[in-house]
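Following: one structure in structure tokens, then a few remarks.
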There are 4 protein chains.
Amino acid sequence: MVSKQELRSEETKRSILAAAGELFGSRGYDAVTMRDIAKQAGCSHTTIYIYFKDKEALLHQLSMPPVQYLIEKMDGLLGQELSPDDKLKAMSLATIEFCLTNRSMYGLVFNTKAGRVDEQSPKLEINQARNKLFGKLESAVKGCLGNELPDERLLLYTRIYFFALYGVIATYTSSEESVEQLMGRLIPTFQETFEVLLIGIRSKAEGPWARTED
Amino acid sequence: MVSKQELRSEETKRSILAAAGELFGSRGYDAVTMRDIAKQAGCSHTTIYIYFKDKEALLHQLSMPPVQYLIEKMDGLLGQELSPDDKLKAMSLATIEFCLTNRSMYGLVFNTKAGRVDEQSPKLEINQARNKLFGKLESAVKGCLGNELPDERLLLYTRIYFFALYGVIATYTSSEESVEQLMGRLIPTFQETFEVLLIGIRSKAEGPWARTED
Amino acid sequence: MVSKQELRSEETKRSILAAAGELFGSRGYDAVTMRDIAKQAGCSHTTIYIYFKDKEALLHQLSMPPVQYLIEKMDGLLGQELSPDDKLKAMSLATIEFCLTNRSMYGLVFNTKAGRVDEQSPKLEINQARNKLFGKLESAVKGCLGNELPDERLLLYTRIYFFALYGVIATYTSSEESVEQLMGRLIPTFQETFEVLLIGIRSKAEGPWARTED
Amino acid sequence: MVSKQELRSEETKRSILAAAGELFGSRGYDAVTMRDIAKQAGCSHTTIYIYFKDKEALLHQLSMPPVQYLIEKMDGLLGQELSPDDKLKAMSLATIEFCLTNRSMYGLVFNTKAGRVDEQSPKLEINQARNKLFGKLESAVKGCLGNELPDERLLLYTRIYFFALYGVIATYTSSEESVEQLMGRLIPTFQETFEVLLIGIRSKAEGPWARTED
DNA sequence: AATGAATGAGAGTTCATTCAT
DNA sequence: TATGAATGAACTCTCATTCAT
């Protein structure tokens with residue numbers, strides 16, 4: 001049985017994480033102060049230091065779990081019985097939904113600059129996670145285009161697909177609407193976007209392959 | 001007639017703007033201090049306040065002209081004797097190059113939230129500029145797809161095109177490489193991206209038009 | 001009869017005092033945190049406040065007993081059957097060892113300013129203790145020089161002896177070595193110091209006595 | 001010609017140094033805050049950072065020049081036409097006077113712990129200075145005892161002499177009296193102290209030399 | 001008796017900005 | 001016009017201390 005104290009403690013920690021997530025997301029890591037977070041979390045700024053070593057630890061602890069979750073969701077979709085196109089679409093929608101839900105974090109995950117240059121480890125973890133995510137997308141694109149496509153072309157087309165996906169996310173990240181509103185309103189647009197990309201990529205992939213650098 | 005003093009004054013102002021632009025672009029607005037700017041501009045930090053109300057005024061004054069420039073460049077390209085596809089491609093490349101050159105500004109232009117909530121007017125100016133830009137892109141897309149396309153579809157396809165364009169920009173904005181390096185390395189990728197989009201969009205545009213909300 | 005609870009309570013208090021003493025001694029009062037003490041004492045930092053009003057109370061309660069102990073030790077030595085010189089030497093060594101063992105305390109005892117200005121009473125206690133100690137030293141010096149020496153000269157020579165003793169202590173107080181290391185290494189040096197002083201003082205004390213103010 | 005501004009600037013810097021010196025001396029480096037210094041210096045605490053990189057820089061800049069001055073004074077005395085005993089006495093008095101004048105600094109110079117463990121350079125400089133000072137004293141002692149004395153014995157006797165000197169300083173450092181008052185009152189005591197030491201040491205130095213470790 | 005949770009005060013430091021020349 | 005001097009606000013983070021259990 002958990003004591004009342006432990007419950008309160010967990011609650012406080014959660015509220016700090018929630019506050020930090022929201023603020024980092026909306027204003028950016030640097031622009032958010034510990035006191036801002038504390039205020040939003042409804043506690044003193046010193047309380048934060050009971051639960052997190054420093055501001056950066058907050059950021060780190062905040063960014064990893066959702067990314068892990070998305071990676072797992074991707075794996076789940078990859079393993080499902082769906083047509084390749086539907087798989088890729090589902091993964092794309094999942095990514096969009098994730099990023100709009102965790103608006104705070106997506107920048108951390110996708111923007112290289114998030115970490116300081118001097119500290120390697122936290123950046124590396126995030127970088128690894130991002131690369132994994134990209135790898136999943138690549139698998140899905142491969143499923144749509146077939147195995148004969150050389151790696152180099154696969155990479156190129158995945159990247160192009162990723163551009164559009166990222167563009168969608170970046171466009172709506174700063175919107176004031178809720179995820180539900182956005183998804184409700186825009187799913188057809190997103191579907192259309194995926195289809196446009198698949199048609200274009202397939203048409204290209206079938207033609208002769210000229211060399212293109214990355 | 002302008003006096004020697006006025007000339008020198010103009011020169012100082014210009015050097016401050018140049019310094020601020022470069023530094024904002026390379027390190028980001030927040031990470032740059034007034035003293036950094038002053039050092040780079042070769043004047044005292046107090047001098048900056050003679051020409052600019054505050055740091056934000058610097059940013060603002062810095063962001064408008066390049067956007068104007070880009071708009072004019074777009075107009076120029078729209079007016080040139082080129083195939084519709086080449087026009088759209090040229091405009092896309094110009095946009096990418098512009099955004100990577102003015103990295104710190106592009107957020108101001110493309111992210112709705114960038115400005116403080118309290119100040120309306122500067123945001124409006126920027127919003128107008130952004131809408132103008134989107135309008136130019138729409139014209140170019142229209143050129144590629146023909147005039148029979150209903151507005152609603154045109155908007156959808158322009159938006160999809162814009163997603164990819166924005167994705168490209170957002171992807172490389174946080175890179176540490178210089179514009180020159182990036183453009184040198186990635187132009188083929190960008191070209192391929194535009195082609196994929198055009199193929200996909202055209203294929204869609206020719207088919208029957210289902211309704212899609214925005 | 002004492003209950004088991006009371007025993008445990010005493011034990012906790014003792015372990016807190018022991019921890020504080022060790023840490024104050026090795027790192028200095030200011031550099032030690034309540035949490036450091038609690039950790040070393042094996043209890044929560046809040047527990048300390050059950051037994052001691054605050055950090056300063058800890059220091060105070062910690063400083064008196066050793067001083068008392070030293071005074072008693074001095075008395076013991078004064079009462080022993082030893083040559084006057086050996087008595088003085090033994091007392092000197094005891095003082096040195098005491099001060100190096102209780103490094104953080106010695107300042108409290110020997111530096112007038114150590115206590116806050118506002119609190120009179122604890123300072124007085126310490127002052128009394130210090131004066132007592134000086135008195136013991138004076139007795140021992142008197143034993144070496146004979147009873148005919150006027151008080152004024154006795155005071156002067158005791159003071160001179162004290163200078164050297166204090167100098168030894170001040171020199172090695174800030175060393176990082178342990179008491180054992182220091183004493184093991186330096187006892188011959190200390191002995192030689194005492195002998196030099198006694199020779200010098202005796203030679204002076206036998207000569208004609210000029211007046212010297214304090 | 002120096003401008004009025006430059007004068008004011010110099011004045012401010014000086015007042016900061018004076019304030020810091022006084023406070024470091026009376027309360028100890030750690031117990032003094034930048035705001036304390038600023039208050040005493042009559043300026044804002046941020047002003048300090050215009051003139052000194054950080055708190056430690058203040059300490060460093062504060063400690064070196066007086067020490068240099070003392071070293072030079074010692075050299076001057078060593079070069080003068082005086083009997084060896086008078087030389088040593090003069091140097092001793094000079095040291096005492098210096099330390100009582102710069103009460104703030106003497107701890108920095110004589111207490112090894114002053115600097116943090118991690119930073120080598122500032123500590124080294126001070127250590128070098130201290131060693132130089134000790135070397136001067138050694139020369140003077142050598143002058144009194146003659147050249148035949150083995151180095152090891154010379155070191156021992158210098159150390160003993162130093163103990164007493166340091167003891168004098170440490171004793172009166174925490175006094176509230178001014179240097180002038182103290183010197184006026186105590187010079188005879190100091191003289192007597194030096195004489196006692198010289199007699200004792202000489203007597204020892206002429207006898208057979210037993211080995212003594214450091 | 002004992003403790004985990006929480007906090008206010010305050011540390012060093014930075015920065016945009018104003019003042020006086 | 002231009003600048004060095006100076007500052008208040010605010011930042012991250014620490015610590016002795018109190019509160020609720």
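In what follows, chains are A, B, ... by sequence order, proteins preceding strands, each numbered from 1. All of these numbers come straight from a predicted model, not from anything done at the bench.
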Q. What dot-bracket string describes DNA chain F from 5' to 3', counting Watson-Crick and G-U wobble pairs whose defining distances are under 3.5 Å, with [ ] for crossing pairs and | for pairs to another strand?
A. .||||||||||||||||||||
Atom pair distance, as rounded to whole Å: [atom1] in [X] and [atom2] in [N]:
| X | N | atom1 | atom2 | result |
| --- | --- | --- | --- | --- |
| C:K39 | E:dT3 | NZ | P | 15 Å |
| B:F52 | F:dA2 | CZ | P | 12 Å |
| A:I48 | E:dA5 | CD1 | P | 16 Å |
| D:Q5 | F:dG4 | CD | C1' | 5 Å |
| A:E6 | E:dA6 | CD | C1' | 16 Å |
| B:I50 | F:dT3 | CD1 | P | 7 Å |

Show the nearest heavy-atom pair for residues [X] and [Y], with the distance to one decimal.
| X | Y | answer |
| --- | --- | --- |
| D:S15 | D:A41 | OG-O, 3.4 Å |
| D:T47 | D:C43 | CB-SG, 3.9 Å |
| C:A19 | C:I37 | CB-O, 3.7 Å |

Q. In B/S/- notation, 5' to 3', how is nucleotides 11-18 of chain F contacted by protein heavy atoms closer than 4.0 Å?
A. SBBBBBBB
**Q.** Proximity to DNA chain F (any heavy atom under 4.0 Å), residues of residues 8-17 of chain A only
**A.** none
Q: Determine which pairs satisfy side chain to side chain donor-acceptor pair (under 3.5 Å) with at least one residue from residues 35-46 of chain B, sequence neighbours left out, and list them in order.
A: B:E22-B:Q40, B:R27-B:D36, B:T33-B:D36, B:R35-B:H45, B:S44-B:T46
Q. Just by modelled atom types, is the A:L59 backbone N or O under 3.5 Å from a matching donor or acceptor in the A:S63 side chain?
A. yes
Q: Spell out, as yes or no, whether a donor-acceptor pair under 3.5 Å connects the side chain of A:T12 to the backbone of A:R8.
A: yes
Q: Would you classify A:Y51 as touching base, sugar-phosphate or nothing, given that sugar-phosphate means primed atoms plus P, OP1 and OP2, and contacts are heavy atoms under 4.0 Å?
A: sugar-phosphate
**Q.** Nearest to side-chain heavy atoms of A:C43, which nucleotide of E:dA2, E:dG4, E:dT7
**A.** E:dT7
Q.
At less than 4.0 Å, is any side-chain N or O atom of B:T47 found next to OP1 or OP2 of F:dT3? Yes or no.
A. yes
Q: Please confirm whether D:K55 makes a cation-pi placement over D:F24, using NZ or CZ under 6.0 Å from the six-membered ring centre and within 45° of the ring normal.
A: no
Q. Does a side-chain heavy-atom distance below 4.5 Å link D:H60 with D:F52?
A. no
Q) With a 4.5 Å heavy-atom cut-off, do D:L17 and D:R14 have their side chains touching? A) no
Q) Who pairs with D:Q61 by side-chain hydrogen bond (donor to acceptor under 3.5 Å, both in side chains), at least two apart in sequence or on another chain? A) none
Q) What residues, two or more places apart in sequence or in another chain, satisfy side-chain hydrogen bond (donor to acceptor under 3.5 Å, both in side chains) together with C:Y51? A) C:S9
